[in-house]
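Any value given below was found using the heavy atoms of this structure, including those in side chains, with hydrogens, waters and symmetry copies removed. Every chain is numbered from 1 and lettered A, B, ... according to where its sequence line falls, protein lines coming before strand lines.
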Amino acid sequence: MPELPEVETTRRGLAPHLLGANIVSFAIRNDRLRWPIPGDMPLRGQTIQSLERRAKYLLLKCDAGTLILHLGMSGSLRILPLDVPAEKHDHFDLLLDNGKMMRLRDPRRFGAVLWHEGDIESHPLLSRLGPEPLESFDADHLYRTVKSRNVAIKQLIMDSQVVVGVGNIYASEALFLAGIRPQRRNLGLAGCARLAESIKTTLKAAIDAGGSTLRDFVNASGNPGYFQQQHWVYGRSGEPCMRCGTPIRQIRQGQRSSFYCPNCQK
DNA sequence: CTAATTCCCTGGAAGC
DNA sequence: TGCTTCCAGGGAATTA
């Protein structure tokens, strides 16, 4: 699943192929993603100025506006030669003047391709987002939020208004590293500090792991460079904790699975 | 306002 | 073997 590290890895993989390129045209094969892909985006002739990431959104900034991309649950972006035939779930292509194209594949169609002109931070999807976890996010901010809300800590750190980019997998992993149970509601400043640090550590480690697979990014037959992460607790229900051997527990929180070690996490 | 729930979608695994 | 059922998840939209 593309979480923040996968999106960042994708951004780094795409950037050298996209920056400075001119958009010749685009193709929409199936516009039914999270929202319909606008058919009238004025992309033709635009030069790609930068490729940034905000939360899990990729922002492809052009002369006249920004192409907003989201990978949803199953989306991937690849750079391919122009003549590679599209397969079943290849919904959107961006054709460039350098002989390459960027292709979006998204079987479950939870992703998005949108166009926005003007200040990108004011876009409705971006304007209410909380801090980036690897930038301005810290213990004080988390502690203040914990005190002002009455929800389980796991759901809090997955709330994009609190901090962006923490998906279901890394939420469980970060809570394990911090020694905090996912259902906890009261958390002191020290606990918040451990958790904020664990979130940063977890995401950074995953981004670093992704870097080693970047060489596979441009590959017509291979995968787009996502990577298998070694998980402490996620998906390991009933298996022994790698720290203490206690069986990992699985619970439901807000229709999502959470995993934790009942001995290591209090 | 906050918190909880529903919904979009397909592929893969499990069950019969 | 082939069907049916369940589950996964981002996050906006909806409901309580």
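Minimum atom distance to the side chain of Arg32(A) is reached by dC9(B), of the listed dG11(B), dC9(B), dA12(C). Picking from dG11(B), dA3(B), dA12(C) the nucleotide with the shortest atom distance to the side chain of His89(A) gives dG11(B). The listed nucleotides are dA4(B), dG11(C), dA8(C); the one nearest the side chain of Arg185(A) is dA4(B). Across dA13(C), dA8(C), dT10(B), the shortest atom-to-atom separation from the side chain of Pro107(A) is found for dT10(B).
Computed from coordinates, the Leu33(A) CG to dA12(C) P distance equals 15 Å when rounded to whole Å. Distance, Met158(A) CE to dA3(B) P: 16 Å, rounded to whole Å. Phe110(A) has its CZ atom 14 Å from the P atom of dA13(C), to the nearest Å. For the pair Asn168(A) CG and dC7(C) P, the computed distance is 15 Å after rounding to whole Å. If you take CD of Gln183(A) and C1' of dA3(B), they are 18 Å apart, rounded to a whole angstrom. For the pair Lys56(A) NZ and dG10(C) P, the computed distance is 5 Å after rounding to whole Å. Separating the CD atom of Gln255(A) from the C1' atom of dT14(C) is a distance of 14 Å, rounded to the nearest angstrom. One atom, CZ of Phe259(A), and another, P of dC7(C), lie 12 Å apart when rounded to the nearest Å.
Taking side-chain N and O atoms only, His70(A) has no distance below 4.0 Å to OP1 or OP2 of dG10(C). Taking 4.0 angstrom as the limit, Lys88(A) places none of its side-chain polar atoms (N or O) nearer than this to OP1 or OP2 of dT10(B). Here Tyr170(A) does not reach the OP1 or OP2 of dG10(C): none of its side-chain N or O atoms lies under 4.0 Å away. In this structure, Arg108(A) does not reach the dC8(B) phosphate: none of its side-chain N or O atoms is under 4.0 Å from OP1 or OP2. A close approach under 4.0 Å does occur between a side-chain nitrogen or oxygen of Ser257(A) and OP1 or OP2 of dA8(C). Within the structure, every side-chain polar atom (N or O) of Gln161(A) is placed at least 4.0 Å from both OP1 and OP2 of dA3(B).
Across all strands, Gln155(A) comes closer than 4.0 Å to no nucleic acid atom at all (heavy-atom distances). Note on Arg128(A): nothing from the nucleic acid sits closer than 4.0 angstrom, heavy atoms only. Contact annotation for Arg256(A): base contact, defined as any heavy-atom pair under 4.0 Å involving a base atom. Heavy atoms of Gly254(A) sit nowhere under 4.0 angstrom from any nucleic acid atom. At the heavy-atom level, Asp106(A) lies nowhere under 4.0 Å from the strands shown. Heavy atoms of Arg149(A) sit under 4.0 angstrom from primed sugar atoms or phosphate atoms, though from no base atom.
Looking only at side-chain heavy atoms (C-beta outward), Leu4(A) and Val7(A) stay at 4.5 Å or farther from each other. Looking only at side-chain heavy atoms (C-beta outward), Val163(A) and Glu132(A) stay at 4.5 Å or farther from each other.
In this structure, Arg109(A) and Ala152(A) both approach DNA chain B, and ranking their closest nucleotides by distance from the 5' end singles out Ala152(A).
Salt bridge annotation for Glu6(A)-Lys56(A): absent, with no cationic side-chain nitrogen under 4.0 angstrom from a carboxylate oxygen.
Gln250(A) pairs by the side chain to side chain contact (heavy atoms under 4.5 Å, CB included) definition with Ser237(A), Ser257(A), Phe259(A), not counting sequence neighbours.
Applying the side-chain hydrogen bond (donor to acceptor under 3.5 Å, both in side chains) test to every pair with at least one member in residues 144-156 of chain A, sequence neighbours left out, gives these pairs: Arg149(A)-Asp159(A), Asn150(A)-Arg185(A), Lys154(A)-Asn168(A), Lys154(A)-Ser258(A).
The main-chain N or O of Thr246(A) is never found under 3.5 Å from a side-chain atom of Asn263(A) such that the two would form a donor-acceptor pair.
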